[in-house]
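The model shown is predicted, which means the values in this text are computed figures rather than measured ones. Just so we're on the same page: letters track the sequence lines, and every chain starts at 1.
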Amino acid sequence: MGLNLESFSSIQMDAIREVGNIGAGNAATALSKLLGRAVDMDVPVAELISVYEIAGHYGSPEALACGVLIRAEGEFSCNLIFLMEEEESAALADLLISMDLSSVDDEVRIQIRDSALAEVGNIILGAFLNALSMMTGWALPVSVPAVAHDMLGSIMDVVAATFGILGDTALLVKTTLRITDVEGESKGTVIMVPDPGSLELLLQRLGVL
Amino acid sequence: MSAVTHVGMADLVSVRHPATLVTLGLGSCIGLVIFDPSTKVAAMAHIMLPDSRDAKEVPKPGKFADTAVPLLLEHLKNLGAVKGQLKAKMAGGAQMFNIPGKDNSLLAVGSRNVEATTAMLAKHGVPLVASDVGGNKGRSVEFNTETWKLLVKTLGTGSQEL
């Protein structure tokens, strides 16, 4: 594992960003079909940041956030996270459910929303992985989704710890999806977190290592 | 009112009374405090990972359980702490994402952090007098040298003092 993130060339960074671009493009299309609404995508970003500042990069460590995670394990292994602000996650879930939940008791409402969010994560992140699979020819079997609602800092620990095993820098490929609704806009960010050593495999496969 | 010091990820901070040490948004990470009420000193680390084995270099020893514990003890010794009077408290080590049927070590790093930190404290003969670890909720912690208590805050379930 001789890969040193700090010395990545611009070609390598571009290749990684392109993975984010195609993956998130697929994800946006899938989400748009699921919701029957327009979904826009920001220009994807691939950037190197300190593992100690990951949470701060997305907001305050104690801000309420929702993350949906799926794990791909095959010839290449990684975790994919769809990260939202807590309020926006509720809005997105309600958009998908399209049902008045005001008379439902709190616990049931949370369960219904979580099941919708798990499905959103499944569709979006699965579409991202499909694109990656097509680009690389790798079979990428995927796990069921897991949903967490908690402090942003706690949720992002999984990202910091994964990159932190080998060094002090994280390579974050992130894309923001924006869902336009009559009532406004909700958004979420797709973050790819390759297992230690997996990034090297990906760069090799893309022909830039 | 004592000064509040924030302990960032992988940081390690030592203080004399009066002081308050705070670390926010612990998921799989551990907030570990070792203190000596007899000489009124305390030190806290925000531990991210169990061991430094796979790291090429360790610029921040607070990051790993195996490097943080010895350095905390060194800091406390330099501040005049008495070895036999030292006590430890910790919180954190949660698993934020649980995928049924997948026992993945990257997602379960929290429990390995708890094990490694507990083992390091035992190795150095520091009694762990209180802890709130594991589960699937994030925590923020605050340690105060007035009371020598560790305040653990969790979303939804409120806070408790250890």
Side-chain angles (χ1 to χ4, degrees), chain A residues 1-4 50-56 58-73 77-81 86 110 118 121 141-168 193-198, chain B residues 6-12 22-31 46-60 62-64 91-110 112-113 135-142 153-157:
Chain A
M1 268 174 268
L3 200 62
N4 187 0
S50 159
V51 293
Y52 313 113
E53 282 150 26
I54 288 177
Y58 292 91
S60 149
E62 285 195 304
L64 286 186
C66 170
V68 186
L69 177 144
I70 65 171
R71 176 160 181 78
E73 261 171 19
S77 55
C78 73
N79 290 314
L80 279 174
I81 301 171
E86 179 61 24
I110 289 170
V142 63
S143 74
V144 295
V147 182
H149 299 271
D150 216 300
M151 290 180 265
L152 176 65
S154 310
I155 288 177
M156 296 309 278
D157 264 9
V158 65
V159 182
T162 303
F163 284 106
I165 291 172
L166 295 180
D168 298 313
V193 191
D195 286 5
S198 276
Chain B
H6 280 265
V7 184
M9 252 196 172
D11 279 348
L12 191 153
V22 169
T23 191
L24 304 177
L26 295 163
S28 57
C29 291
I30 303 258
H46 183 143
I47 296 169
M48 289 169 67
L49 289 160
D51 66 74
S52 53
R53 207 168 31 197
D54 294 322
K56 278 170 274 185
E57 48 193 71
V58 186
K60 282 166 100 63
K63 180 174 172 182
F64 302 101
Q95 177 164 351
M96 305 308 297
F97 293 101
N98 192 5
I99 297 175
K102 278 240 185 281
D103 209 6
N104 178 262
S105 70
L106 289 170
L107 297 179
V109 69
R112 292 190 296 128
N113 281 338
N136 61 0
K137 297 302 285 178
R139 299 168 172 92
S140 283
V141 300
E142 189 177 311
K153 290 182 271 186
T154 321
L155 281 183
T157 51

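- Contacts between Ala55(A) and chain B at a heavy-atom distance below 4.5 Å are absent for every atom of the residue.
- Pro196(A) places a side-chain heavy atom less than 4.5 Å from the side chain of Leu106(B).
- Heavy atoms closer than 4.5 Å to chain B are found nowhere in Val193(A), neither backbone nor side chain.
- Comparing Thr162(A), Asp168(A), Ile155(A) by heavy-atom pairs within less than 4.5 Å of chain B, the highest count is held by Asp168(A).
- In this structure, the portion of Leu26(B) lying under 4.5 Å from any heavy atom of chain A is its backbone and not its side chain.
- Proximity of a side-chain donor or acceptor of Lys60(B) to a complementary backbone N or O of Tyr52(A) within less than 3.5 Å is not detected.
- Leu152(A) does not touch chain B: none of its heavy atoms, backbone or side chain, sits under 4.5 Å away.
- For the pair Asn136(B)/Asp150(A), no side-chain contact is recorded, criterion being any heavy-atom separation below 4.5 Å from C-beta on.
- With sequence neighbours left out, Ser140(B) forms a side-chain hydrogen bond (donor to acceptor under 3.5 Å, both in side chains) with Glu62(A).
- Contacts of Asp195(A) with chain B are made by both backbone and side-chain atoms, with heavy-atom separations under 4.5 Å.
- Taken to the nearest 0.5 Å, the CE atom of Met151(A) stands 7.5 Å off from the CE atom of Met96(B).
- Exactly one of Met9(B), Gln95(B), Met48(B) qualifies for a side chain to side chain contact (heavy atoms under 4.5 Å, CB included) with Asp157(A). That residue is Met9(B).
- Nearest heavy-atom pair, Ala161(A) versus Ser28(B), reported as atom, atom and distance to 0.1 Å: CB-OG, 4.5 Å.
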Discussion item. Run the side-chain contact (heavy atoms from CB on, under 4.5 Å) test on Val158(A) and Leu107(B) for me, step by step, so that the C-alpha distance in whole Å, both residues' side-chain angles and the decisive distance to 0.1 Å come before the verdict.
Written reply: CA-CA 7 Å; Val158(A) 65; Leu107(B) 297 179; 3.7 Å; yes
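- The shortest distance between side-chain heavy atoms of Val68(A) and Phe97(B) does not fall below 4.5 Å.
- Contact of Asp11(B) with chain A is not made at all, since no heavy-atom distance falls under 4.5 Å.
- When heavy atoms are compared at a cutoff of 4.5 Å, Glu53(A) does not approach chain B at all.
- Side-chain contact between Leu155(B) and His149(A) is absent, with no heavy atoms from C-beta onward closer than 4.5 Å.
- Counting heavy-atom pairs closer than 4.5 Å to chain A, the top residue among Gly8(B), Gly27(B), Ala10(B) is Gly27(B).
- Contact record, Val144(A) with Pro100(B): CG2-CD, 3.8 Å, taken as the closest heavy-atom pair.
- With a threshold of 4.5 angstrom between heavy atoms, Asn98(B) approaches chain A through N, CA, C or O but not through any side-chain atom.
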